[in-house]
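Read the structure below first, then the notes.
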Amino acid sequence: MVSFAVLFSVFLVFLIAWRFFIKSRTTPGSKLAGKVLPPGPVPAPIFGSLFKLGNEPHVSLTELAARYGPVMSLRLGRVTTVVVSSAAAAKEVLQKHDQKFAGRSVTDSIRVPGVDDSSVVWAQPGPLWRRLRSLCNTCVFNSQRLDASRGLRRRKIDDLVAHVDDRASSGKPVDIGKIAFVTTLNLMSNTLFSVDAVDVDSEAAQEFKDLISALLEEGAKPNIVDFFPFLRPLDPQGIRRKMTSYRVKLDRIFEKQIREREASRAASGYQSRNDFLDALLDQKDINGAEFSPMELKSLFADLFIAGSSTSSDTVEWAMAELLRNPEAMARARTELRDAIDPGREVEESDIPRLPYLQAVVKETLRLHPAVPLVPHRAVTDGEISDYSVPEDTRVIVNLWAIIRDGKVWEDPARFKPERFLDSKLDYRGQQFEFIPFGGGRRMCPGMPLANRMVHLMLASLLRSFAWELPTGMKAHDLDMREKFGLTIQKSVPLVAVPFKQ
């Protein structure tokens, strides 16, 4: 995970700095101010266990947990990190001691001015975070607003089906991830601003997707500053500089929307669009609850990035798994054909009558959680499984390990939707063996919208079209490698050929 060339280039700097922090070194399993840390690998000099992370840290941490236990600590450079890899331990962090571990461990890449302290994702617990979270719950993701915007989602799905239908007529393949991304991006843009962000066939669509992907990938890139904080002023890998430039590009889009809306509202006869931006400005007008421009842009970025990438990634992974498992694909399509009358499109109200489709989505989230490693921080001294966790310790909940635990899941690496048909497990944060959206007060607030959108997109793609891999490609040839970032994406985009039904 960490480039050897980068580490070696600053090796001499570390040797010089060693004497400044050798006294503060802590070792997993040792006592820190009388407190016993969880067990873990013996750290190497200077670097600790950094080289054990590899290119897929969620997988490497799972393998380490098999040796050191579901609660372990690692010294990564100068930083002590506690990793939780079981449902029981996750329940302690996310429910029993939720308040103590409600902080966020923020990487240096997120420390773009105004981002980490005004983001609903990254802000530490406090009045602003609570206000932002409440605003999301009341103005975007509550059931009444989601029901009211059902027609909007239907229109975006109609656009998606029309685009795929055009490709099917000409026998052209479809980039599943791209069309799902554009659909969710435009849905979020309409929810926030009442306009489409991009056209699916435009260069802007790919540029927007590339920008979001770059933010996610750069944000999760191993950064030596996170392990040796004294290097922060130097930004030796330039990650913070790159993230700043990406955020500037994104912020320009939001600034334009805010300026135009404020000008429209100032004009006589303005009719409210009843979208999220109007709701924010109404809050300011009625209650005096003014948000700064930076807070507005940061909130919009959270919703755009999380809302567009995670849902589209899940649809892409689901289609990939179904193409690799033709029997599951056939069963899902048969269920849709039997449940929905010919000539009628899939509606959100149909989803409860599609148990196998729901099982496909659950199994996809189990195998491919959008966010495999959830970063928390101890805001006070706490305990996990009788081990002490000092204040300000980084705490990572390894969702990837928990929802692939062989002690809980039979044949955990296999795509098997049937496992959910007779199961009462859901992903609403109360059953900790299956928490793809996290749990506790930091649980993903966008889960209600993602739940509706993923099911509707997937059902519409399967209901309207038959799908095959490109000519000459077999199911076992499909590349299922992951690209690690703040979210888990397919390393190789999924391309498939639709046929009209």
Inset, instruction - Tell me whether the centres of the aromatic rings in F434 and F420 are closer together than 6.0 Å. - result: yes

Legend entry - Heavy-atom donor-acceptor pair, S189 side chain to L185 backbone, under 3.5 Å: no

Legend entry - S119 side-chain N/O to V121 backbone N/O, donor-acceptor pair under 3.5 Å: yes

Legend entry - D479 bridged to R481 by N-O distance under 4.0 Å: yes

Inset, instruction - Only counting residues at least two apart or in another chain, list the ones meeting side chain to side chain donor-acceptor pair (under 3.5 Å) with Q99. - result: none

Inset, instruction - Indicate the atoms forming the closest heavy-atom contact of S491 with P493, along with that distance. - result: O-CD, 3.9 Å

Inset, instruction - Kindly determine whether K100 and E383 satisfy salt bridge (charged side-chain N to carboxylate O under 4.0 Å, His left out), including the steps that lead there. - result: CA-CA 9 Å; K100 291 184 178 181; E383 291 186 357; over 6 Å; no

Legend entry - Close side-chain approach of L303 to F141, heavy-atom, < 4.5 Å: yes

Legend entry - Close aromatic pair by centroid cut-off 6.0 Å: F47 and F51: yes

Inset, instruction - Check the pair R240, M243 against side chain to side chain contact (heavy atoms under 4.5 Å, CB included), reporting the backbone distance first and the verdict last. - result: CA-CA 5 Å; R240 196 183 331 118; M243 287 289 284; 5.6 Å; no

Legend entry - Salt-bridge contact R154-E348 (side-chain N to carboxylate O under 4.0 Å): no

Inset, instruction - Identify the two heavy atoms, one from L74 and one from S49, that lie closest to each other, and give their separation to 0.1 Å. - result: CD2-CB, 4.0 Å

Legend entry - E218 vs S109, side-chain hydrogen bond (donor to acceptor under 3.5 Å, both in side chains): CA-CA, chis, key distance, verdict: CA-CA 7 Å; E218 202 71 29; S109 62; over 6 Å; no

Inset, instruction - Report yes if some heavy atom in the side chain of I402 is under 4.5 Å from a heavy atom in the side chain of V397; otherwise report no. - result: yes

Inset, instruction - Return yes if some donor-acceptor pair links the side-chain N/O of R75 with the main-chain N/O of A44 below 3.5 Å, else return no. - result: yes

Inset, instruction - Determine whether the side chains of N398 and T62 contain a donor N or O and an acceptor N or O closer than 3.5 Å. - result: yes

Legend entry - Rounded distance [0.5 Å steps], NZ in K52 versus CG in L76: 11.0 Å

Legend entry - Any side-chain heavy-atom pair of D166 and V164 under 4.5 Å: no

Inset, instruction - To the nearest 0.5 Å, tell me how far W467 CH2 sits from R333 CZ. - result: 10.0 Å

Inset, instruction - Please report the C-alpha distance between V497 and L469 in whole Å, then the side-chain angles of each, then the deciding distance to 0.1 Å, and finally whether the side chain to side chain contact (heavy atoms under 4.5 Å, CB included) criterion is met. - result: CA-CA 6 Å; V497 183; L469 292 169; over 6 Å; no

Inset, instruction - Please check if the side chain of Q237 supplies one atom and the backbone of P222 the other of a donor-acceptor pair under 3.5 Å. - result: yes

Inset, instruction - Compare every heavy atom of L132 with every heavy atom of V120, then report the nearest pair and how far apart it is. - result: N-CD1, 4.0 Å

Legend entry - V161 to S464 - nearest heavy-atom pair and separation: CG1-OG, 4.0 Å

Legend entry - Lys/Arg-Asp/Glu bridge criterion (N-O < 4.0 Å) met for E482, K490: no

Inset, instruction - May I ask you to decide if F101's main-chain N or O and H376's side chain share a donor-acceptor pair within less than 3.5 Å? - result: yes

Legend entry - Any donor-acceptor N/O pair, S86 side chain to A89 backbone, under 3.5 Å: yes

Inset, instruction - Measure the spacing between CG of L322 and CD of E327 and express it to the nearest 0.5 Å. - result: 11.0 Å

Legend entry - D411, CG: over 12 other non-hydrogen atoms inside 6.0 angstrom: yes

Legend entry - Enclosure of K91 NZ (heavy-atom neighbours >12, cutoff 6.0 Å): no

Legend entry - Side-chain heavy-atom pair E316, F181 within 4.5 angstrom cut-off: no

Legend entry - Closest non-hydrogen atom pair, P436 against L399: O-CD1, 3.9 Å

Inset, instruction - Assess whether salt bridge (charged side-chain N to carboxylate O under 4.0 Å, His left out) is satisfied between D158 and R155, documenting all intermediate values. - result: CA-CA 5 Å; D158 288 344; R155 292 194 298 274; over 6 Å; no

Inset, instruction - Take R419 and S423 through the side-chain hydrogen bond (donor to acceptor under 3.5 Å, both in side chains) test and state the conclusion after the steps. - result: CA-CA 7 Å; R419 73 174 83 240; S423 170; over 6 Å; no

Legend entry - Carboxylate-amine/guanidinium contact R344 D350, below 4.0 Å: yes

Inset, instruction - Check for a donor-acceptor pair, side chain of Q124 on one end and backbone N or O of R104 on the other, with a separation under 3.5 Å. - result: yes

Legend entry - Distance, nearest 0.5 Å, that separates CZ of R167 from NZ of K500: 13.5 Å

Legend entry - Backbone of T138 reached by a side-chain donor or acceptor of N142 within 3.5 Å: yes

Inset, instruction - Let me know which of T314, L146, L187 forms a side chain to side chain contact (heavy atoms under 4.5 Å, CB included) with M453. - result: L187

Legend entry - More than 12 heavy atoms of other groups within 6.0 Å of D386 CG: no

Inset, instruction - Flag the pair D477 and K474 as a salt bridge only when some basic side-chain nitrogen lies within less than 4.0 angstrom of an acidic carboxylate oxygen. - result: no

Inset, instruction - Measure the CZ-CG distance between F276 and N190 for me, rounded to the nearest 0.5 Å. - result: 15.0 Å

Legend entry - R394 vs V82 side-chain heavy atoms within contact, under 4.5 Å: no

Legend entry - Derivation and outcome, side chain to side chain contact (heavy atoms under 4.5 Å, CB included), residues D159 and N186: CA-CA 10 Å; D159 292 344; N186 281 336; over 6 Å; no

Inset, instruction - Would you indicate whether the side-chain heavy atoms of V346 and L456 approach each other to under 4.5 Å? - result: yes

Legend entry - Sub-4.5 Å side-chain heavy-atom contact between D165 and S169: yes

Inset, instruction - Answer yes or no: is there an ion pair linking K178 with D210, defined by an N-O contact shorter than 4.0 Å? - result: no

Inset, instruction - For the pair L357 and L458, evaluate side chain to side chain contact (heavy atoms under 4.5 Å, CB included) and give the outcome as yes or no after the intermediate values. - result: CA-CA 8 Å; L357 180 80; L458 185 60; 3.9 Å; yes

Inset, instruction - Indicate yes or no for a side-chain donor-acceptor contact from S60 to the backbone of L53 under 3.5 Å, with no hydrogens or angles considered. - result: yes

Legend entry - Test salt bridge (charged side-chain N to carboxylate O under 4.0 Å, His left out) applied to D196 and K156, step by step: CA-CA 9 Å; D196 280 348; K156 296 302 104 181; 2.8 Å; yes

Legend entry - Quiz item: cation-pi between R366 and W409, 6.0 Å / 45°: yes

Inset, instruction - Measure across R463 and P342 and return the closest heavy-atom pair with its distance rounded to 0.1 Å. - result: NH2-CA, 3.6 Å

Legend entry - Side-chain donor/acceptor of H97 to backbone N/O of V93, under 3.5 Å: no

Legend entry - Side chain proximity check, I179 to D175, heavy atoms < 4.5 angstrom: no

Inset, instruction - Could you grab the distance from atom CE of M480 to atom CG of L494, nearest 0.5 Å is fine? - result: 8.5 Å

